[in-house]
2 protein chains.
Amino acid sequence: MKKLSFAEENYLKAVYHLSNAGELDVSTNSIAEEMDTKAASVSDMLRRLSEKEMVVYRKYQGVKISEKGKTAALQVIRKHRLWEVFLVEKLKFNWDQVHEIAEQLEHIKSPLLIQRLDDFLGHPKFDPHGDPIPDENGLFKEKPQVPLAEVEISGDGIVVAVKDTNSMFLQHLDRIGIYLGAKTKVTEKVEFDGSMEILVDGKNKLFISKEVAENVLVTH
Amino acid sequence: MKKLSFAEENYLKAVYHLSNAGELDVSTNSIAEEMDTKAASVSDMLRRLSEKEMVVYRKYQGVKISEKGKTAALQVIRKHRLWEVFLVEKLKFNWDQVHEIAEQLEHIKSPLLIQRLDDFLGHPKFDPHGDPIPDENGLFKEKPQVPLAEVEISGDGIVVAVKDTNSMFLQHLDRIGIYLGAKTKVTEKVEFDGSMEILVDGKNKLFISKEVAENVLVTH
DNA sequence: AATAATTTTTAGATTAATCTAATTTTATTT
DNA sequence: AAATAAAATTAGATTAATCTAAAAATTATT
């Protein structure tokens with residue numbers, strides 16, 4: 001089980017995410033789009049990952065991540081999320097600034113480093129976006145998460161994650177006052193455009209668009 | 001001033017170190033030896049670094065690092081040493097375990113990250129091996145450092161650095177009880193083999209070989 | 001100074017990762 | 001089911017970084 005290159009790790013991560021934790025088959029084009037690269041490059045890489053038995057690849061039929069690949073992907077995800085916690089908790093970054101840096105840090109190879117970092121951070125179970133951090137064995141528990149858009153009127157929730165992690169969106173949330181851990185109550189739903197009115201922390205009334213409502217995830 | 005690759009950064013660092021902070025010309029072979037690679041690879045890379053104006057390269061005459069190159073090298077060195085402080089101070093690594101990991105971390109690209117890390121660590125001026133940490137502008141102050149071997153009898157000192165940073169040597173120092181910050185007094189010098197007797201922290205009498213005495217640096 | 005030894009560079013290959021363009025396979029639509 | 005569209009793969013190039021082997025330049029030694 002030799003070391004994977006940065007590129008290989010990134011492809012594996014993409015396959016893992018797109019396959020919904022390894023269940024579904026993933027198409028070449030969807031990987032290309034996710035990684036902002038060309039389908040030809042993806043085909044090539046899938047062939048190589050397949051030789052390393054990280055994925056099960058049938059030409060023209062898409063790809064499925066293997067157990068071996070899932071383990072590898074989960075370790076990269078673990079590192080990514082631990083570093084995000086470090087950046088926010090210790091280095092005072094905002095949650096919308098950490099992704100890019102964690103994309104680099106996630107490829108540092110040293111099991112001892114990650115163990116020590118995990119200790120230092122107090123074994124966090126979720127990253128600053130509310131996503132769960134896999135343990136050394138790749139195990140983690142998901143909080144059941146629902147988009148605000150699907151919460152019924154007068155339903156309560158706590159913001160635990162966002163679907164879209166793009167920086168502009170996160171900045172918008174900051175601006176209107178939605179943050180991780182905020183308590184929400186849906187006070188009105190507008191049928192024709194999917195927008196809604198919510199109460200944040202029991203005091204701030206907010207009108208949010210369909211786009212926002214669909215991308216903010218809450219537990220209930 | 002585009003981004004440098006990992007390999008380019010490593011070559012620049014090697015040139016900087018071998019040239020004694022950029023003063024001397026450096027030979028192709030010495031770089032190859034330092035980097036554990038072949039002279040042909042070095043020639044190639046020097047040509048590329050020269051095109052980017054990071055070094056001044058005259059065929060068959062060796063290279064000199066340029067101002068631009070020196071700036072770049074010092075930023076990598078700054079990052080390396082800050083990460084080493086982080087690993088030792090925050091993650092409880094021993095000083096002989098941090099080099100390899102810092103070799104990876106030094107290539108992470110984010111000026112803001114390094115600024116925040118520096119803040120978090122309280123703007124340290126020296127790394128765990130006693131080497132100075134350049135500031136954002138590449139400036140730093142050297143402590144005047146002398147090998148123990150050159151200290152006269154009854155001379156006092158404080159261990160501030162080691163010349164040889166190889167892991168086996170550092171472990172040996174740990175074992176015999178020499179550490180960064182230890183107070184030393186030379187109590188006897190044996191002429192014919194260069195060994196000596198020293199008193200560490202005023203209480204531990206140690207006999208050290210010529211090899212050790214030449215590689216442990218003290219301020220006085 | 002001529003020859004030998006050493007150092008450095010060039011020439012030519014190789015590998016990983018990428019691309020464009022052409023081809024092949026699969027899916028969709030008349 | 002034939003034709004068309006879409007998706008995926010292959011072929012062929014390119015770039016960075018490396019290597020071995022051969023050639024060229026420099027340095028050292030008779």
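Letters go in sequence order (proteins before strands), and every chain restarts at 1.
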Novice: Does the Lys NZ or Arg CZ of Lys90(B) fall within the cation-pi geometry relative to Phe120(B) - under 6.0 Å from the ring centre and within 45° of the axis?
Specialist: yes
Novice: Check Lys13(B) with Glu9(B), please: is the shortest side-chain N to carboxylate O separation under 4.0 Å?
Specialist: no
Novice: Could you check how far CD of Glu33(B) sits from C1' of dT8(C), rounded to whole Å?
Specialist: 15 Å
Novice: Rounding to an integer number of Å, can you tell me how far Tyr60(A) OH sits from dT25(C) P?
Specialist: 6 Å
Novice: So does Asn29(B) get a side-chain nitrogen or oxygen closer than 4.0 Å to the phosphate oxygens (OP1/OP2) of dT6(C)?
Specialist: no
Novice: Quick one, give me the B/S/- string for nucleotides 15-20 of chain C, reading 5' to 3', where B means a protein heavy atom under 4.0 Å from the base and S means that only happens at the primed atoms, P, OP1 or OP2.
Specialist: --SBBB
Novice: Would you check if there is a donor-acceptor pair between the side chains of His129(A) and Glu84(A) at a distance under 3.5 Å?
Specialist: yes
Novice: At less than 4.0 Å, is any side-chain N or O atom of Tyr57(A) found next to OP1 or OP2 of dA8(D)? Yes or no.
Specialist: no
Novice: Is atom CD of Glu136(B) surrounded by more than 12 heavy atoms (other residues, nucleotides or ligands) closer than 6.0 Å?
Specialist: yes
Novice: Can you name the closest pair of heavy atoms from Val186(B) and Glu152(B) and give their distance?
Specialist: CB-O, 3.7 Å
Novice: Between Arg47(B) and Asp44(B), is the salt bridge (charged side-chain N to carboxylate O under 4.0 Å, His left out) condition met? List the steps.
Specialist: CA-CA 5 Å; Arg47(B) 190 182 42 66; Asp44(B) 230 56; 3.8 Å; yes
Novice: Can you check whether Lys59(B) has a side-chain N or O nearer than 4.0 Å to OP1 or OP2 of dT10(C)?
Specialist: yes
Novice: Determine the contact category for Ser43(B): base if any of its heavy atoms lies under 4.0 Å from a base atom, sugar-phosphate if only primed atoms, P, OP1 or OP2 are that close, otherwise nothing.
Specialist: base
